[in-house]
Amino acid sequence: MATRHNKEIIIYHQEPDYEQPSLLKILDNDKLSYGLYANENEPEKINILPDFSYAGYMGGGVALPNVPVKVTLSPMPGNNKKQIQDAIDAVSNMPVDSNGFKGKVLLKAGIYNIDGALRIKSSGVVIAGEGQGANGTILNATREAKHTLIILGEGANKTLVNEKTESPIISGYVPTGSISFTVKSTSGYKIGDTIIIQKSPNENWITGLNMGQYGWTPELYRIPHERVITAVKGNQLTVNIPVVDPIKLKDGGAFVYKANSNRKTQQSGVENLRLISRYKNDEDEEHGWCGVKLIMAENCWVKKVSVLYFGFSAVIVDKNSAFNTIEDCAMLDPKAKTEGMRKYSFNIQSGSFNLFQRCYARGGRHDYVTGPKVTGPNVFLDCYATKAKSDIGPHHRWATGTLFDNVQGQQIRVINRKSMGSGHGWAGAQTMFWNCTSTSGKGMAVESPPGNINWVVGGEARQLSGTGYQELLGQQVEPRSLYLAQLQSRLGQGALKNITSATQRVDVIYPDLARWAGEK
């Protein structure tokens with residue numbers, strides 16, 4: 001018998017030889033070979049597992065930069081908001097260096113009382129401290145009202161679409177994992193164009209999912225998926241990142257538009273800080289709500305930030321933010337009522353191609369979670385949650401293409417939530433739980449929507465419910481990490497080393513996360 005590394009609960013299972021699932025195989029050259037699968041209630045095996053490895057800073061596999069310090073501050077008595085914001089603004093007005101950065105504001109170790117929000121709007125600007133532990137740099141949120149302490153980015157969340165370039169996709173079925181499809185006309189399209197693949201569901205899609213009873217309408221689920229054209233051949237377009245939500249003419253199909261991203265904040269970051277919110281009691285809600293929020297941020301990062309006592313999130317990705325990495329962060333002991341819209345420790349509310357890795361949560365509700373209509377790939381990798389009050393997984397209203405890779409927590413699930421929360425319905429589709437561990441007696445629940453799929457491959461749970469795709473539960477499968485295997489297959493060993501710890505490349509890191517617990 002063998003035990004999984006877990007101090008709270010011990011889950012026993014037979015020790016097998018590591019097995020490779022049928023969805024993919026590792027070849028001798030570390031490349032991956034993919035099998036085909038059929039969606040729920042469909043006979044044809046024409047879909048393939050999408051490549052999730054494009055999630056993260058600069059599209060995955062790129063080390064986070066070390067930006068030079070331009071301003072250094074020490075704590076002062078009273079409210080430190082102005083001195084820090086003035087320093088951020090001063091660096092924001094500096095010219096960019098040869099690497100495209102303006103500079104870092106370094107906060108020396110100590111306690112900085114801050115009444116309000118700090119904002120980084122400019123590209124190439126970093127705010128950093130000298131450690132996320134109790135002896136590091138502490139930003140003490142003192143405002144007695146719900147607020148975010150650090151806001152990274154600005155702007156509306158709507159991508160600028162050129163409606164004159166509309167061209168319908170005429171392929172009868174574009175399977176999950178596809179990178180090519182046929183449109184009515186490619187006139188005016190070229191390699192390098194950013195496009196929006198705008199799904200346009202009809203009543204057939206709503207009826208097939210049986211979601212009309214929960215208020216779903218075709219108009220509300222016209223969900224945009226951002227991609228870049230890599231080839232144009234006749235009326236066929238090839239894009240950089242695979243489709244994560246299948247496109248079917250019978251369900252309304254999709255349109256393609258040329259688009260311009262209006263994300264103004266790029267290559268900026270938050271590092272090495274300890275964020276603490278003052279609070280009056282365990283259910284106080286008039287205090288710090290979000291530690292760090294990303295708004296229309298692209299190729300940005302949050303690393304080594306511990307967030308204590310905030311009511312909602314340590315880090316929330318919002319307003320169509322893309323290609324960001326959040327790593328080595330912790331959400332500790334949130335203070336708020338334990339009910340809806342509270343204690344979402346690490347939350348993708350809106351955005352694509354984002355990576356959370358090596359994160360820790362204690363005392364949250366939905367610790368690793370997505371919001372409505374979130375489009376992937378998005379990834380939670382090597383993350384740990386303890387003392388959670390609810391489940392890990394997509395939370396509501398059709399988040400697609402999310403990978404939970406070696407995530408340990410209490411209950412883990414992706415289900416049809418039906419009328420919960422005024423009509424959550426299907427929480428997600430094309431959701432993968434890869435080598436995840438549930439420590440709750442409720443285990444895992446994985447259901448697949450008609451015409452789509454959700455997977456659980458490898459990992460451990462006391463029980464599994466739902467009719468979603470299941471393979472090799474009760475053991476660790478190879479590759480240990482799907483995201484890292486896909487990254488190595490696509491970009492090589494160097495990309496893998498750029499973003500991982502030595503232990504992470506060979507083994508689970510739950511023991512390391514449990515020992516660390518956001519305290520160093």
Inset, instruction - List the steps and the verdict of side chain to side chain contact (heavy atoms under 4.5 Å, CB included) for Asn299 and Asn324. - result: CA-CA 5 Å; Asn299 291 319; Asn324 303 293; 5.5 Å; no
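- At a threshold of 4.5 Å between non-hydrogen side-chain atoms, the residues Leu381 and Leu355 count as touching.
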Legend entry - Verdict with supporting geometry, Glu478 and Lys25, salt bridge (charged side-chain N to carboxylate O under 4.0 Å, His left out): CA-CA 9 Å; Glu478 286 293 331; Lys25 300 292 182 185; over 6 Å; no
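- Among Asn240, Val239, Ile195, the single residue meeting the side-chain contact (heavy atoms from CB on, under 4.5 Å) criterion with Val228 is Asn240.
- With sequence neighbours excluded, the residues satisfying ring-ring contact (aromatic ring centres under 6.0 Å, His included) with Tyr309 are Tyr279.
- Salt bridge Arg263/Glu226: present, at least one basic N to carboxylate O contact under 4.0 Å.
- Between Tyr360 and Tyr384, the gap from one ring centroid to the other is short of 6.0 Å.
- Remark: Cys359 SG to Asp382 CG distance equals 10.5 Å, nearest 0.5 Å.
- Taking the ring-ring contact (aromatic ring centres under 6.0 Å, His included) definition, one finds that Tyr214 meets it with nothing, sequence neighbours left out.
- Considering every non-hydrogen atom in both Tyr469 and Val457, the closest pair reads CE2-CG2, 4.2 Å.
- Of all non-hydrogen atoms in Arg227 and Ile241, the two that sit nearest each other are NE-O, 2.9 Å.
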Inset, instruction - Check the pair Glu130 / Arg274 against salt bridge (charged side-chain N to carboxylate O under 4.0 Å, His left out), numbers first and verdict last. - result: CA-CA 9 Å; Glu130 292 190 320; Arg274 190 173 185 87; over 6 Å; no
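- With sequence neighbours left out, Lys335 forms a side chain to side chain donor-acceptor pair (under 3.5 Å) with Asp282.
- In this structure the side chain of Asn39 reaches within 4.5 angstrom of the side chain of Asn47, judged on heavy atoms.
- Enclosure of atom CG in Asn29 by more than 12 non-hydrogen atoms of other residues, nucleotides or ligands within 6.0 angstrom is indicated.
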Inset, instruction - Please test Ser180 against Thr238 for side-chain hydrogen bond (donor to acceptor under 3.5 Å, both in side chains), starting from the C-alpha separation and ending with a verdict. - result: CA-CA 4 Å; Ser180 297; Thr238 301; 2.8 Å; yes
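- Between Glu339 and Lys389 there is no salt bridge, since no side-chain nitrogen of the basic residue lies less than 4.0 Å from a carboxylate oxygen of the acidic one.
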Inset, instruction - Decide side chain to side chain contact (heavy atoms under 4.5 Å, CB included) for Arg222 and Lys199; before the verdict, give the C-alpha distance in whole Å, the side-chain angles of both, and the deciding distance to 0.1 Å. - result: CA-CA 5 Å; Arg222 291 176 178 165; Lys199 289 200 68 174; over 6 Å; no
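- For Phe404, the ring-ring contact (aromatic ring centres under 6.0 Å, His included) test picks out Phe380, Phe433, with sequence neighbours left out.
- Looking at heavy atoms from C-beta onward, Leu487 lies in side-chain contact with Ile499 at the 4.5 angstrom threshold.
- Closest approach of Trp516 to Ala330, counting heavy atoms only: CH2-CB, 4.1 Å.
- Heavy atoms only, all atoms of each residue included: Ile392 and Ala385 are closest at CD1-CB, 4.3 Å.
- For the atom pair CG (Asp333) and CD1 (Ile276), the distance works out to 11.0 Å, reported to the nearest 0.5 Å.
- Atom CD of Glu460 sits about 8.5 Å away from atom CE of Met444, to the nearest 0.5 Å.
- Side chains of Gln132 and Ser306: a donor on one and an acceptor on the other come within 3.5 Å.
- In this structure, the side chains of Glu471 and Glu19 stay at 4.5 Å or more apart for every pair of heavy atoms.
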Inset, instruction - In sequence, state the C-alpha distance, the side-chain angles, and the governing distance for Phe323 and Met58, and then conclude on side chain to side chain contact (heavy atoms under 4.5 Å, CB included). - result: CA-CA 6 Å; Phe323 297 111; Met58 300 297 291; over 6 Å; no
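- The pair Arg417-Glu447 fails the salt-bridge criterion, with no side-chain N (NZ, NE, NH1 or NH2) lying under 4.0 Å from an Asp/Glu carboxylate O.
- Rounded to the nearest 0.5 angstrom, Leu484 CG and Gln504 CD are separated by 5.5 Å.
- Looking at Ser321, its side chain does come within 3.5 Å of a backbone N or O of Ala297 through a donor-acceptor pair.
- Aromatic rings from Tyr221 and Trp216 are positioned such that their centres are separated by under 6.0 Å.
- Atom CD1 of Ile197 is separated from atom CD1 of Ile169 by 5.5 Å, given to the nearest 0.5 angstrom.
- Of the inter-residue distances, the one linking Leu294 atom CG with Asn354 atom CG reads 7.5 Å to the nearest 0.5 angstrom.
- Taking the six-membered ring where tryptophan is involved, the planes of Tyr344 and His366 are perpendicular, since the angle between them exceeds 60° and thus also 30°.
- Among Lys520, Lys303, Arg358, Lys304, the single residue meeting the salt bridge (Lys or Arg N to Asp or Glu O under 4.0 Å) criterion with Asp328 is Arg358.
- No more than 12 heavy-atom neighbours from other residues, nucleotides or ligands sit within 6.0 angstrom of CG on Asn135.
- No hydrogens or angles considered: nothing links the side chains of Thr375 and Thr400 as a donor-acceptor pair under 3.5 Å.
- Looking at heavy atoms from C-beta onward, Phe356 lies in side-chain contact with Ile348 at the 4.5 angstrom threshold.
- Using a 4.0 Å cut-off between charged side-chain N and carboxylate O, Asp405 and Arg480 make no salt bridge.
- The shortest side-chain heavy-atom distance between Met296 and Asp318 does not fall under the 4.5 Å cut-off.
- Without hydrogens or angle criteria, Asn498 side chain to Gly61 main chain gives a donor-acceptor distance under 3.5 Å.
- Aromatic ring pairs are classed by plane angle as parallel below 30°, tilted from 30° to 60° and perpendicular above 60°; the pair Tyr37 and Trp455 is perpendicular.
- Using a 4.5 Å heavy-atom threshold, the side chains of Val307 and Leu332 count as separate.
- In this structure, the side-chain contact (heavy atoms from CB on, under 4.5 Å) partners of Gln493, at least two apart in sequence or on a different chain, are Gln488, Leu496, Lys497, Arg505.
- Side-chain N/O atoms of Thr431 and Asn454 include a donor and acceptor closer than 3.5 Å.
- Not counting sequence neighbours, Trp434 has no partner by the ring-ring contact (aromatic ring centres under 6.0 Å, His included) test.
- Between the side chains of Glu327 and Tyr57, no donor-acceptor pair of N or O atoms lies under 3.5 Å.
- Residues Ala259 and Ile196 share a closest heavy-atom pair of CB-CG1, 3.7 Å.
- Of all non-hydrogen atoms in Ile223 and Trp398, the two that sit nearest each other are CD1-CD1, 3.9 Å.
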Inset, instruction - Please assess Gln470 against Leu464 for the test side chain to side chain contact (heavy atoms under 4.5 Å, CB included), listing each intermediate value before the final yes or no. - result: CA-CA 9 Å; Gln470 173 194 344; Leu464 173 67; 3.0 Å; yes
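- Side-chain contact between Leu49 and Met432: present, with at least one pair of heavy atoms (C-beta onward) separated by less than 4.5 Å.
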